Amino acid sequence: MPEIRLGDSLYSCGNGETVLECLERHGVAIPSSCRSGVCQTCLMRALSGDPGSLAKQGLRETLQAQNYFMSCVCRPAENLGVALPDQAGLRTRGRIVEKTFLNERIVRLRYAMDTPVDYRAGQFMNLIGPLGDVRSYSLVSVPGVDEFLEFHILLLPGGRVSGWAYTQAAVGDESEMLGPHGACFYVGGRPEQPMLLAGTGTGLAPLYGIVRDALSQGHTGPIHLYHGALKASALYLVDELRAMAATHPNFNYVPCVFHPEGAAEGMQIGDIKRIVLDREGGVAGWRVFLCGDPELVRELQRACFKAGAGLRDILADSFLPNRSPSKPA
Amino acid sequence: MSSIYEHIGGAPAMDAAVDLFYRHVLSDERICHWFDDVDMARQAAKQKAFLTMAFGGPNNYTGKDMRVGHAHLVARGLNDSHFNAVAENLKKTMEELKVPANLISEALAVAESTRNDVLGR
Ligand SMILES: Cc1cc2nc3c(=O)[nH]c(=O)nc-3n(C[C@H](O)[C@H](O)[C@H](O)COP(=O)(O)OP(=O)(O)OC[C@H]3O[C@@H](n4cnc5c(N)ncnc54)[C@H](O)[C@@H]3O)c2cc1C
Ligand code: HEM
Ligand code: FES
């Protein structure tokens, strides 16, 4: 069995066990959240041994070069010497400069940062809540266009961080953040490539950022954005998106609601997945962005792949819930 | 030509091969549930690692890596029938890529040589 060295201690890794599971089994507390290789909360650095390519998949190159890896998806084949990074280079602090309610459950926070963050719209930051919980939130703002970092946060019942953001957070409050992370963002160079974007709830947050980024970079190909919600009152930014569609002929916005009550003209009614598939048909050669509810993201990924999109052209951010076993005090 | 990897055009051609192979795997009821990752990018990386290895491209996987890398799947019931299905899809992919028959046999032999490690025996 491979052994994991952390500081002066050696831990024996069970068959098929991840580095994170092994250390936790031995009583070492490690921050984690999605436990699926997405959020990068469980980052570690390999001092010796090879953590394998899958554990580095999605990390930006500078981190990969320094042998960072995600311990929740690392099943080591050989002995590893690891260090818990202080993530000093990723840590920043911001101050809330604006708080606005976008609908009855979604709040927008805008932060002014102490030091500039080098990011792309659609990436995410790991925000540290006032009680030490780490949660990922997508970046809506567009660098070079907006001076602040913007997040859209959906209030969840009993939500430790979303509850704070919705209820207590106030202009002037400070938050620590780690990041940016993630590869779900617009890349220039193919301005004519058609784009399909779909998401539910605050899955719109990264998508809105990506659309604004693409338009500000002069994207000319068609951009089709689908935003789904259970009912019309759970949609948000409807007027803003309609105005954008009116001024940019290549941008098409399709609000989708599951229940017809309160639906306004132009809203599609039904399951967003069906609506997208019925309206789009083939998406060979398209670039696809899917964000929000993990089940929807998973189903649409597969459906879009089957409808012809290349694997490398499908970018997704599943809003996976926090699954860490220990809630930090 | 020393390997399929070179035959199909090396690294740049791998993305198309990965798409083709993954389309087969996803439509194969026998095994698609093993490849149900939350994230397509991770999925693509896995498929690419698999194909690069099977096609004799540059990789540094050892038998031990295959053993450790699949142990959690064996614990959930990975068996010969799944292995055979993956090999079939691999064969189909190579035929569609017009890989010569002798190279196909070679790649299937490479895959076969990992059977006991993959299945943890
Ligand atoms: C890459 C990434 C990007 C994200 N971006 C955003 C974003 O831009 N905006 C945003 O609002 N959220 C986003 N999330 C989700 C976010 O990180 C938190 O998971 C979410 O805000 C809940 O945290 P909490 O502390 O409020 O709830 P918790 O205290 O962790 O959970 C409270 C309760 O809600 C349940 N729960 C958790 N998630 C869900 C869910 N999705 N649906 C139903 N019940 C749930 C939990 O099981 C628990 O019972 C993102 C997640 C990831 C991984
Ligand atoms: C032909 C023999 C096989 C070879 C050569 C092979 C090769 C590989 C390689 C190279 C990886 C990446 C490992 C890493 O980088 O960490 C991998 C992972 C994986 N393989 Fe295989 N594989 C084989 C058979 C199978 C079979 C039969 C299945 C299931 C039907 C399977 C399912 C998986 C899965 C799910 C992963 C991802 C594991 C994870 O997420 O940790 N493999 N395989
Ligand atoms: S990436 Fe490991 S906990 Fe999220």
Side-chain angles (χ1 to χ4, degrees), chain A residues 1-2 13-18 21 34-39 50-59 70 73-78 80 182-184 284 288-291 293-295 297-321 323, chain B residues 11-29 32-53 57-78 93 114 117-121:
Chain A
M1 289 297 103
C13 201
N15 216 4
E17 200 172 42
T18 64
E21 286 161 353
C34 73
R35 300 175 82 90
S36 308
V38 171
C39 73
D50 180 9
S53 58
L54 284 186
K56 294 178 166 185
Q57 163 64 33
L59 298 186
M70 291 173 281
V73 285
C74 176
R75 298 190 167 83
E78 58 188 45
L80 278 188
C184 186
V288 178
F289 298 88
L290 306 167
C291 299
D293 178 62
E295 207 42 50
V297 168
R298 180 201 301 265
E299 288 177 11
L300 271 176
Q301 278 183 152
R302 294 192 155 209
C304 289
F305 181 62
K306 287 185 173 169
L311 270 179
R312 291 205 321 163
D313 275 331
I314 303 175
L315 299 172
D317 257 342
S318 285
F319 287 5
L320 295 164
R323 299 202 287 142
Chain B
M14 283 305 284
D15 289 324
V18 166
D19 274 15
L20 208 52
F21 177 64
Y22 190 50
R23 267 181 225 285
H24 290 313
V25 166
L26 258 197
S27 355
D28 189 336
E29 296 289 319
C32 59
H33 63 280
W34 292 103
F35 298 89
D36 209 19
D37 205 311
V38 286
D39 168 10
M40 242 21 176
R42 295 186 61 71
Q43 197 53 257
K46 286 178 200 173
Q47 307 293 330
K48 194 165 178 172
F50 169 83
L51 282 187
T52 304
M53 188 177 171
N59 75 86
N60 40 29
Y61 289 108
T62 63
K64 197 173 156 217
D65 294 344
M66 288 301 96
R67 190 166 281 274
V68 176
H70 296 89
H72 61 297
L73 308 173
V74 173
R76 281 165 40 210
L78 188 70
T93 307
T114 66
D117 284 318
V118 166
L119 297 178
R121 297 189 293 233

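These values consider heavy atoms only, across backbone and side chains, with no hydrogens, waters or symmetry-generated copies. From a predicted model like this one, the values you see are computed outputs, not experimental measurements. Naming: A, B, ... by sequence-line order, numbering from 1 per chain.
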Visitor: Short question: side chain of Arg75(A), backbone of His70(B) - any donor-acceptor pair under 3.5 Å?
Guide: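 Answer holds: no.
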Visitor: In terms of ring plane angle, is the pair Phe21(B) and Phe50(B) parallel, tilted or perpendicular, where the classes change at 30° and 60°?
Guide: parallel
Visitor: Does Asp317(A) reach the main-chain N or O of Cys291(A) with its side chain, forming a donor-acceptor pair under 3.5 Å?
Guide: no
Visitor: Does any heavy atom of chain B fall under 4.5 Å from the side chain of Pro2(A), the backbone, both, or neither of them?
Guide: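 Contact with chain B: none, neither part.
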Visitor: Is there a donor-acceptor pair closer than 3.5 Å between any side-chain N or O of Thr18(A) and the backbone N or O of Glu21(A)?
Guide: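 Side chain of Thr18(A) to backbone of Glu21(A), a donor-acceptor pair under 3.5 Å: yes, one is there.
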Visitor: Name the member of Leu315(A), Leu290(A), Val73(A) that forms the most heavy-atom pairs with chain B at distances under 4.5 Å.
Guide: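 Among Leu315(A), Leu290(A), Val73(A), the one with the most close pairs to chain B is Val73(A).
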Visitor: Side chain from CB out, backbone as N, CA, C, O: work out which of these in Asp65(B) comes under 4.5 Å of a heavy atom of chain A, or both, or neither.
Guide: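 Both backbone and side chain of Asp65(B) come within 4.5 Å of chain A.
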Visitor: I'd like to verify something: which residue of Gln57(A), Glu295(A), Glu78(A) has the highest number of heavy-atom pairs under 4.5 Å with chain B?
Guide: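 Heavy-atom pair counts peak at Gln57(A).
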